[in-house]
Protein chains: 2
Amino acid sequence: MAAQTAEAAQGLRERKKLETRSALRAAAVRLYLERGPADVTVHDICEAAGVSPRTFFNYFETKDDAVFDWDNRLTGQLVDLLTARPAHEAPLEALHHTLRTAIPALVADAGWRERRKLLGAHPELVRKLVHSNSHMSEALSDAVAARTGLSADALYPRLVAGAAITVLRSAIRAWDPESSTEELLAMLDSCFASVAAGLPEPPGDDPARPGG
Amino acid sequence: MAAQTAEAAQGLRERKKLETRSALRAAAVRLYLERGPADVTVHDICEAAGVSPRTFFNYFETKDDAVFDWDNRLTGQLVDLLTARPAHEAPLEALHHTLRTAIPALVADAGWRERRKLLGAHPELVRKLVHSNSHMSEALSDAVAARTGLSADALYPRLVAGAAITVLRSAIRAWDPESSTEELLAMLDSCFASVAAGLPEPPGDDPARPGG
DNA sequence: ATGCAGTGCTGCAAAAATGCACTACTGTAG
DNA sequence: CTACAGTAGTGCATTTTTGCAGCACTGCAT
């Protein structure tokens with residue numbers, strides 16, 4: 001396996017690169033929180049991070065991508081975790097365990113929580129997040145295909161990966177970033193249970209209440 | 001209900017607007033197919049459509065959005081169809097019928113087929129398509145919430161809508177645009193069946209065939 | 001036909017994003 | 001120590017995207 005999940009910077013070069021990326025990410029989140037996304041230019045972020053604007057776009061595709069860097073790092077991590085799950089687990093089950101394993105570290109990351117709050121304060125950003133999610137979905141889809149021995153173009157891997165991403169998104173969105181990790185995990189479990197049951201009518205649904 | 005699904009242009013003004021939008025969409029798809037997305041500038045599209053570049057961005061958020069205009073029109077249509085489904089249908093079932101109903105008209109649309117081929121020829125575009133899909137997902141989510149009497153922030157509507165969008169995307173992507181409508185509908189049915197069953201191990205999976 | 005309100009279209013300036021070529025430094029081999 | 005390959009960072013030109021303000025036309029009322 002060539003996948004080096006360890007973040008150990010082996011050389012000066014690698015370390016500098018990680019530092020630059022980190023600096024850009026941190027500066028972006030900080031400035032976004034301070035002034036709001038609309039009042040922060042790429043120039044500002046770069047000045048705070050000490051690099052040129054061109055360099056910013058060497059690391060990130062769009063201005064907002066720096067804020068979503070967590071998701072891209074998470075993607076690689078999820079793929080590794082999923083690959084490491086025992087082969088006897090059904091794909092959906094393996095994905096469930098994978099997410100469950102990855103979430104605590106996320107919640108423990110102060111930067112990630114900051115970002116989560118940023119998304120709550122600026123819903124416009126959520127729309128751009130889809131891009132990162134799509135990347136994650138494709139990566140997981142490929143990993144599921146590898147697990148099941150199916151083609152990467154087959155329907156099943158895309159369905160399961162898509163469902164898992166939807167679950168993750170929905171749970172994080174509904175989760176209150178001030179509350180505990182357990183809350184998030186509970187919602188994740190509930191979502192996976194709902195999907196595994198074939199998404200039947202809403203659990204707490206009371207037929208006597210028309211809802212209008 | 002104030003929703004006017006009818007596309008009848010009541011005044012000259014409305015008609016002109018639709019014409020401009022149509023012209024931009026058509027020009028974009030044609031030029032994209034002729035030269036490839038990278039070799040078409042907004043300026044080119046606007047020249048072909050006879051409007052200024054600034055006007056392009058009054059209609060579409062990004063250069064590629066003109067190509068995805070079908071999805072945005074489809075979104076409104078799906079919401080209307082879903083709202084019209086009988087109340088006794090379960091959400092997932094109602095979404096299944098909704099998509100089944102909308103698809104034939106799409107496939108019959110020559111422009112939509114062109115677009116579908118464009119996506120096959122230029123996979124980079126698929127990445128940008130997620131944006132439209134996300135819009136569609138949110139709209140359907142709200143419609144499901146209305147059907148079930150749940151809050152728009154509840155988990156269930158997002159899960160079902162997300163699953164439906166994933167199904168639609170997967171089916172269209174796997175579908176050969178040269179083949180028949182029935183092929184696409186069959187894949188759609190198969191996907192919905194898989195989701196309704198809780199996404200168990202791949203259906204046509206033959207344990208004897210390693211698939212490598 | 002005339003005047004008014006609403007708004008579609010446009011030009012302009014600034015910011016975001018991309019391709020290309022160049023510099024400077026890192027890591028490695030001699 | 002020196003030479004070399006690889007590549008992160010940069011500057012520049014071009015394209016994409018957005019905010020703002022003005023012009024022109026439509027739809028409506030008089």
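Chain letters run A, B, ... following the sequence lines, proteins first and then strands; every chain starts at 1. Predicted, not measured: the structure shown is a model, and the values here were computed from it.
Applying the 3.5 Å distance criterion, the base of C:dT26 shares a donor-acceptor pair with the side chain of A:Arg13. A donor and an acceptor atom never sit less than 3.5 Å apart when one is taken from the side chain of B:Arg21 and the other from the base of C:dG8.
In this structure, B:Val40 and A:Gly50 both approach DNA chain D, and ranking their closest nucleotides by distance from the 5' end singles out A:Gly50.
Atom CZ in B:Phe57 sits about 17 Å away from atom P in C:dC12, given to the nearest Å. Rounded to an integer number of Å, the gap from B:Asp39 CG to D:dT16 P is 11 Å. When the P atom of C:dA16 is taken as reference, atom CD of A:Glu124 falls 15 Å away, rounded to whole Å. Atom CZ in A:Phe56 sits roughly 14 Å away from atom C1' in C:dT18 (whole-Å rounding). The distance between atom CG of B:Asp65 and atom C1' of D:dT16, rounded to the nearest whole Å, is 13 Å. Atom-to-atom, CG of B:Asp64 to C1' of D:dT15 comes out at 13 Å; the value is rounded to the nearest Å. Remark: P of C:dA15 and CG of A:Asp44 are 9 Å apart, rounded to the nearest angstrom. The nearest whole Å value for the distance from the NZ atom in B:Lys128 to the P atom in D:dT16 is 10 Å.
Taking the centre and axis of the six-membered ring of B:Trp70, the NZ or CZ atom of B:Arg116 falls outside the cone set by 45° and 6.0 Å.
In this structure, B:Tyr59 reaches the C:dC9 phosphate: one of its side-chain N or O atoms is under 4.0 Å from OP1 or OP2. In this model, the phosphate group of D:dG9 is not approached by any side-chain N or O of A:Ser52 to a distance below 4.0 Å at OP1 or OP2. Of the side-chain N and O atoms in A:Thr20, one or more sit less than 4.0 angstrom from OP1 or OP2 of D:dG9. The side chain of B:Thr41 places no N or O atom within less than 4.0 Å of a non-bridging phosphate oxygen (OP1 or OP2) of D:dT14.
Residue A:Asn58 has its side chain nearest to D:dG9 when only D:dG9, C:dC9, D:dC12 are considered. Comparing C:dC9, D:dC12, C:dA17 by their closest approach to the side chain of A:Arg54 singles out D:dC12.
With respect to A:Arg173 and B:Asp153, no salt bridge is recorded, no charged nitrogen being found less than 4.0 Å from a carboxylate O. Taking a cutoff of 4.0 Å between a charged side-chain nitrogen and a carboxylate oxygen, B:Asp65 and B:Lys128 do not qualify as a salt bridge.
Checking side-chain atoms of B:Ser134 against main-chain N and O of B:Val130 turns up no donor-acceptor pair under 3.5 Å. Not one N or O on the side chain of A:Ser141 forms a donor-acceptor pair closer than 3.5 Å with the backbone of A:Ser137.
As judged by a 4.0 angstrom heavy-atom cut-off over every strand, B:Lys17 is placed among residues touching the sugar-phosphate backbone only.
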